[in-house]
2 protein chains.
Amino acid sequence: MPLAPLFRPIDVAPAYQKVADAIEREIVNGRIKPGDPIGTEHDLVRQFGVNRSTIREGIRVLEEGGLISRDSSRRLHACLPRYTRLASRLSRALVLHEVTFRELYEASMTLEVASIEGAVERATEENLAELSDNLARSEAVIGDPAMLAECDAEFHVLVAKASQNRVLQLAREPAAQLFYPTTEMTVTGVAEGGPRLVAAHRHLIEAIQRRDREAGVLWTRRHLQDWRRGFEKIASLDRSVEHMYMEHAQAARRR
Amino acid sequence: MPLAPLFRPIDVAPAYQKVADAIEREIVNGRIKPGDPIGTEHDLVRQFGVNRSTIREGIRVLEEGGLISRDSSRRLHACLPRYTRLASRLSRALVLHEVTFRELYEASMTLEVASIEGAVERATEENLAELSDNLARSEAVIGDPAMLAECDAEFHVLVAKASQNRVLQLAREPAAQLFYPTTEMTVTGVAEGGPRLVAAHRHLIEAIQRRDREAGVLWTRRHLQDWRRGFEKIASLDRSVEHMYMEHAQAARRR
DNA sequence: TGCTGTCCCTTTGTCCGACAAAGTTAGAGT
DNA sequence: ACTCTAACTTTGTCGGACAAAGGGACAGCA
């Protein structure tokens, strides 16, 4: 019969980790609010009683996690983690796991349909204004696939935003970051690709305005199917996402 | 009229960031494969020509991003970022953004339905075996809400895995991490909560076996609605997710 | 008064050197 | 071939150091 456990496992995390955890705890449970200053490295050295190098390693960890950042004067303060920044970590992971475009397509279908449903139900006037503005800009660059692809990505971010569901916004982001960089190629490959894309956006905006869920779902599906048709002219859906996207993601993360 | 921009913004990233970026690039574009050793800190000092403190800060950044980790002997090697680890960052972000349970519920409804649809279509024998094993364990702890909640969380991870769609697996994870810790409470609050939960799981497994999509979707919906009913006995869906979940998430991240 | 330039102090990013603890390797001894 | 021990290496932490950049106060000037 095994002995009854006398001791609890003791916490042997390195000091920099403990520093990071301690600060994280204060932020997450609200004692330090987003925007609050954290203090200088020297302050933290005094408070934690460890060397500045140790503090700095702990800070890097939190900074990478998006929990704290440095303002223009490089002073530390807590902040609300930005979705796109975090999502780019996930996109990177998806690339390394070599997910296929089929997985991306299927997941995006689900997530974008859910987004439009939410948007149809809850979009505000302001959301609609943003979407219309985006549409206008899209029409202006209809002949430029790169610019148009950028507008398209933004459009779908705005739709997700209009759904007023931040969980959904976050969930779709990693897939979107990998998905939308290909739009440029798919638009180029299909005759009338640009106009079709913009037309779909217009129908989506109208659907939201009319609170017409059916139309919203329908046009989201068509829009994605257009992407798929365009993509399959270039490559198989079963190809894994390529490394080239990471440059895009890396640039986005830095912002 | 403003001057035409003569200069591009110059890249003034600190050295530790450049170190991290350089290593990240090599990993992401595949020159360093997951599992490959990175070399000792001393090696990196020689290669990059910067101080060890600088190298260490760069390493922390990558470590936090899940791109590299230290094995049992603390040597560095590249590795495949683990979904749950990354997702816990996102869960944390959702908590800080004070998302509501309604958002969580709505997003989970979408994501879990998509998971079951994928599972019905593509689950393997092995997936089914894992699910059945989970079911057996659930039945064994049907009277223990805490253990049962844990089984429930695992069950849905397994369903997502059975969908063979890693994008979906990843997308559902942050919501799930916040969602499933409440299952314990909802099971406790509802008469026959435990048995209902296990029955739903059984129906889901059967649906996957029979490749019966309708049934899968139906029982996923019911299962989530059960959660909702249980939750609404305790609190409003419009309450924001509480800080208490973070302890759960923090423990999970460490693993 | 409002703007500008200067000096000083603080803070950050980086460097150097050091050391204990833990892990690794090589060699001695059986 | 196996074990035990004695170097050697590597990591985590420490102390101190310094240049560059920012912030603040203060004087000078319009």
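Scope of the values below: all heavy atoms of this structure, side chains included, with no hydrogens, waters or symmetry mates. So you know, we letter chains A, B, ... as the sequences are listed, proteins then strands, and number each from 1.
Under 4.0 angstrom from either OP1 or OP2 of D:dT10 there lies no side-chain N or O belonging to B:R56.
Going from atom CD of A:E57 over to atom P of D:dT11 covers 12 Å, rounded to whole Å. Distance A:D71 CG to D:dG22 C1': 11 Å, rounded to the nearest Å. Between the CG atom of B:L76 and the P atom of D:dT11 there is a distance of 6 Å, given to the nearest Å. In this structure, A:E63 places its CD atom 7 Å from P of C:dG13, rounding to the nearest Å. When rounded to the nearest whole Å, the span between CD1 of A:I55 and P of C:dT14 equals 18 Å.
Side-chain contact between B:R172 and B:V157: present, with at least one pair of heavy atoms (C-beta onward) separated by less than 4.5 Å. The side-chain heavy atoms of A:R92 and B:P81, taken from C-beta on, include no pair separated by under 4.5 Å. Within the 4.5 Å cutoff, the side chain of A:N51 has no heavy atoms near those of the A:V45 side chain. Residues B:I32 and B:H77 fail the side-chain proximity criterion, which asks for heavy atoms closer than 4.5 Å. Residues A:L111 and A:F179 have side chains not in contact (no heavy-atom distance under 4.5 Å, counting atoms from C-beta outward).
Of the residues in residues 35-49 of chain A, none has a non-hydrogen atom less than 4.0 angstrom from any atom of DNA chain D.
Closest to the A:A15 side chain, of the nucleotides D:dT13, D:dC14, D:dG12, is D:dT13.
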Mark up nucleotides 17-25 of chain C, 5' to 3', with B wherever a protein heavy atom is under 4.0 angstrom from a base atom, S wherever such an atom reaches only the sugar-phosphate, and - elsewhere. -B----SS-
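A donor-acceptor pair shorter than 3.5 Å cannot be found between the side chains of B:S240 and B:E98.
Residues satisfying the side-chain contact (heavy atoms from CB on, under 4.5 Å) test with A:R70, not counting sequence neighbours, are A:E41, A:I59, A:R60, A:E63, A:R74, A:L76. With sequence neighbours excluded, the residues that form a side-chain contact (heavy atoms from CB on, under 4.5 Å) with B:T124 are B:E126, B:N127, B:Q164.
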Would you tabulate the side-chain donor-acceptor contacts of residues 101-108 of chain A under 3.5 Å, counting partners in other chains and residues two or more places apart, or write 'none'?
unit_1 : atom_1 : unit_2 : atom_2 : d
A:R102 : NE     : A:D238 : OD1    : 2.9
A:R102 : NH2    : A:D238 : OD2    : 3.0
A:E103 : OE1    : A:T100 : N      : 3.0
A:E103 : OE1    : A:T100 : OG1    : 3.3
A:E103 : OE1    : B:R166 : NH2    : 2.7
A:E103 : OE2    : B:R166 : N      : 2.6
A:E103 : OE2    : B:R166 : NE     : 3.0
A:E106 : OE1    : B:R122 : NH1    : 3.1
A:E106 : OE1    : B:R122 : NH2    : 3.0
A:E106 : OE2    : B:R122 : NH2    : 2.9
A:E106 : OE2    : B:N165 : ND2    : 3.1
A:S108 : OG     : A:L104 : O      : 2.9

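Each end of the helix from C:dT1-D:dA30 to C:dT30-D:dA1 gets its own axis, taken as the rotation carrying the C1' atoms of four end pairs onto the next four within a five-pair window, and the two axes meet at 20° to the nearest 10 degrees.
Between A:D21 and A:R25 there is no salt bridge, since no side-chain N of the basic residue sits under 4.0 Å from a carboxylate O of the acidic one. Classification of A:D43 and A:R46 as a salt-bridged pair holds, one side-chain N sitting under 4.0 Å from a carboxylate O.
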